[in-house]
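I have placed the structure first, in the form of C-alpha cells, so that the comments after it can refer back to it.
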Amino acid sequence: MSIKIPRHLLAELITHAMEDDPNECCGLLLGKGDEADELHRMPNVARKPISRYTMQPGELVEAQEKAKKSGREFIAIYHSHTFTQGYPSQTDIKNAVEVASISTRHVIVSLVEKTRPVVRAFSINGESEVTELVIETDGEPYRASD
Ligand SMILES: [Zn+2]
C-alpha cells in the first residue's frame, strides 16, 4: 500500500512541523484516492500540545465540507513528533481508531533530529493494526533516510 504526496507538500508539512516545534503540529492532506494535492493546517487545541495533538471537531467538519465541495476527500491526517521517532504512539493508535471514519491514513513527521526531519505514513484500521505505507513522491518512493 502506498500514499502519494508530492514533494512540495512534503516540504509544507515539514515547514509546519518546524514552525510549531516544540509543540506538535497537526492537519489534513486533501486529495483524491491515495493522492494528496493540498495541505490543510489545523490548530492543535490539545492542553499539552508538546506531546499530544487534538483537532477541534467543528473545524474538522468544516474542512470535510470544504473538501467535499471541491470533489475531494481526506487522504490522511498528519501530525508531528518533536521528541520521538515517527512511529504512532499508543495514544496515536487509540485516537486513530476513533477517527477511522474520517481517515485511516496517518502521516507523522519526526523532528528527533532537527536537521533531518523524517516523514512516515501509516494505515491504522479500526482493529488498531498499524501498517507502514510507502510514500510516493513525484513518481518515486520517498526515503527520508537517504
Ligand atoms: Zn503522535
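Remember, it's 1-based here, ligands and their atoms both numbered in the order they're listed. We count residues from 1, following the sequence as given.
Here Glu24 fails the criterion, with no N, O or S atom under 2.8 Å of the Zn ion (ligand 1).
The cationic group of Lys114 lies under 6.0 Å from the six-membered ring centre of Phe83 and within 45° of the ring axis, placing it in a cation-pi geometry.
Looking at Asp92, its N, O or S atom nearest to the Zn ion (ligand 1) turns out to be OD2.
At the Zn ion (ligand 1), the angle from NE2 in His81 to NE2 in His79 is 100° when rounded to 10°.
The NZ atom of Lys4 sits 14.0 Å away from atom CG of Leu9, with the distance rounded to the nearest 0.5 Å.
Within a 6.0 Å radius of CD in Gln90, other residues, nucleotides and ligands contribute 12 heavy atoms or fewer.
Under the 30°/60° scheme for interplanar angles, the aromatic rings of His16 and Tyr78 are found to stand perpendicular.
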